[in-house]
There are 2 protein chains.
Amino acid sequence: MAQSVSLPANARVCDAERGCSHFHLVQSGYLRMQSHSMAGRRQILGMARPGESIGPPRGGIGVYEVEAATPVRLCRFDRQTFELLLFDEPELRRALFQQSQIWLEKTRRLTWLLGALGSNARLRAILLLARDWLPWRPLEDGTGVLSLELPRQDIADYLATTQETVSRLLHQFQDEGLIEIINPRKIRLIDFERLAEGLDGLVSA
Amino acid sequence: MAQSVSLPANARVCDAERGCSHFHLVQSGYLRMQSHSMAGRRQILGMARPGESIGPPRGGIGVYEVEAATPVRLCRFDRQTFELLLFDEPELRRALFQQSQIWLEKTRRLTWLLGALGSNARLRAILLLARDWLPWRPLEDGTGVLSLELPRQDIADYLATTQETVSRLLHQFQDEGLIEIINPRKIRLIDFERLAEGLDGLVSA
DNA sequence: CGCATTGTTGATCTATGTCAAGGACCGTGG
DNA sequence: CCACGGTCCTTGACATAGATCAACAATGCG
């Protein structure tokens with residue numbers, strides 16, 4: 001019924017064609033839900049982090065893929081088993097609904113990012129949001145270090161921009177004293193105030 | 001407990017500040033869920049059409065507003081009443097979950113539109129999608145007429161572009177023979193094939 | 001018949017996508 | 001130990017879609 005699965009980065013978890021007939025609970029690592037355009041452009045629609053789940057789209061028509069963004073450990077439920085469990089576990093139903101609400105909220109926030117903000121502001125926004133998302137180590141001086149677990153390309157495809165722009169903007173932020181690029185995957189956030197500029201209450205600076 | 005409400009276009013249904021403590025079921029007209037950026041930019045995160053519902057965001061942190069996009073008739077439930085109903089009506093819980101899934105799917109599709117497609121393709125996409133969304137009258141010759149119930153500005157804010165661009169693109173489509181602008185609110189869709197170009201399976205041409 | 005709202009068109013400017021090249025880093029195999 | 005190839009990131013030069021500003025046309029309403 002429920003089995004534990006380990007996958008390397010970029011492994012396909014579930015597919016447009018085969019349809020994803022499983023329910024997955026992320027135990028460690030990150031999954032990305034994405035979709036490709038014919039033009040070859042990829043848009044990441046959301047990331048699932050440890051503790052979150054990705055279920056078979058109930059009634060959804062969209063054709064999305066789910067892949068491992070980093071090496072992951074998953075707990076996999078066969079769909080039928082899951083339906084049965086769901087049937088006689090009110091708590092599970094509640095949890096599932098909760099998950100659904102969380103996904104909705106995350107997706108709305110992303111839509112908002114994409115629609116209302118320019119690349120520059122979008123990048124600043126996720127830097128701040130990622131603090132309770134990715135490994136984040138606050139330092140004594142009030143700044144803190146963020147571990148970007150994802151390659152530039154994933155960040156770009158999440159923000160609907162390009163690798164190059166992400167890179168350029170990060171270095172621009174560094175020049176402006178907003179952040180320090182310790183190494184490509186370690187960013188020290190310095191000036192929260194200015195990072196949060198123009199982002200509304202989206203993120204508490 | 002449940003009351004019927006009628007509102008004119010652009011009426012505020014529920015607010016960021018006051019929080020929306022009601023549950024609404026749309027009976028006629030369209031609601032828009034939106035959010036403003038400090039820069040004054042508005043992004044429409046989704047439209048609710050007759051038969052759909054908008055509930056109080058359960059656990060959501062986002063600050064969204066809900067307004068009438070057209071004159072609407074709503075069925076309003078007080079939150080407490082609704083919670084009670086929800087408690088002893090399994091069917092209602094099921095329906096609510098369904099609604100949540102629908103919202104999620106719609107929001108993902110919008111995210112995808114915004115992230116993966118350019119303005120041109122986005123506009124073509126909603127023209128096609130709006131066929132089962134807005135009043136749509138197929139004609140004998142295979143074409144059909146779409147009633148754009150919404151002002152240009154709403155379309156623009158939904159597609160994360162501007163009034164001007166929407167207008168220009170519509171006229172460009174007309175020049176290319178894809179559509180005919182009967183009047184600003186009535187569009188005849190002519191060449192479905194070419195309208196669907198590059199939109200993947202998003203819409204069946 | 002003004003006046004307000006909504007839509008259209010033009011001119012301009014800029015952010016950012018695209019293409020191309022090069023650099024840093026890492027593991028593998030000789 | 002070094003050479004090699006691969007991946008990931010960075011930087012530069014250039015082109016352009018589309019935002020912005022501004023004016024004007026069309027429509028409907030009191």
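Labels below follow one simple rule: chain letters A, B, ... track the order of the sequence lines, proteins then strands, and each chain is numbered from 1. Values below: every heavy atom of this structure, side chains too, minus hydrogens, waters and symmetry copies.
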Not counting sequence neighbours, which residues clear salt bridge (Lys or Arg N to Asp or Glu O under 4.0 Å) with A/D154? List them please. A/R32, A/R42

Taking only residues two or more places apart in sequence or in another chain, which ones pass salt bridge (Lys or Arg N to Asp or Glu O under 4.0 Å) with A/E52? A/R49, A/K106

Under 3.5 Å, which donor-acceptor pairs link side chains of residues 144-152 of chain B to any protein atom two or more places apart or in another chain?
from, atom 1, to, atom 2, distance (Å)
B/S147, OG, B/K186, NZ, 2.6
B/R152, NH1, B/P184, O, 3.0
B/R152, NH2, B/P184, O, 3.0

Residues within residues 39-47 of chain A bordering DNA chain D, heavy-atom distance below 4.0 Å: none

What residues from residues 163-189 of chain B pass a heavy-atom cutoff of under 4.0 Å to DNA chain D? B/E164, B/T165, B/R168

Per side chain to side chain donor-acceptor pair (under 3.5 Å), A/H36 is matched among A/Q43, A/R41, A/E65 by A/E65

For A/D175, all residues meeting salt bridge (Lys or Arg N to Asp or Glu O under 4.0 Å), sequence neighbours excluded: none

Closest non-hydrogen atoms of B/G29 and B/P50, given as atom of the first, atom of the second and distance, are O-CD, 3.2 Å

Applying side chain to side chain contact (heavy atoms under 4.5 Å, CB included) to A/T81 and not counting sequence neighbours gives A/M1, A/D78

For A/S119 and A/T165, work out which heavy atoms get closest and say how close. CB-CG2, 4.3 Å

Close approaches to DNA chain D from residues 143-156 of chain B, in residue order (heavy atom, under 4.0 Å): none

For residues 69-76 of chain A, please give each side-chain donor-acceptor pair under 3.5 Å, one per line with the distance, not counting sequence neighbours.
from, atom 1, to, atom 2, distance (Å)
A/T70, OG1, A/Y30, N, 3.0
A/R76, NE, A/H24, NE2, 2.8
A/R76, NH2, A/H24, NE2, 3.3

On DNA chain D, which is the earliest and which the latest nucleotide, 5' to 3', with an atom closer than 4.0 Å to a heavy atom of chain A? D/dC8 to D/dA13

Residues which pass salt bridge (Lys or Arg N to Asp or Glu O under 4.0 Å) with A/R188, listed by chain and number, not counting sequence neighbours: A/D141, A/E180

Apply salt bridge (charged side-chain N to carboxylate O under 4.0 Å, His left out) to the pair B/R194 and B/E197, showing each step before the final yes or no. CA-CA 5 Å; B/R194 279 198 293 155; B/E197 218 149 73; over 6 Å; no

Which residues satisfy the side chain to side chain donor-acceptor pair (under 3.5 Å) test with A/S53, sequence neighbours excluded? A/Q99

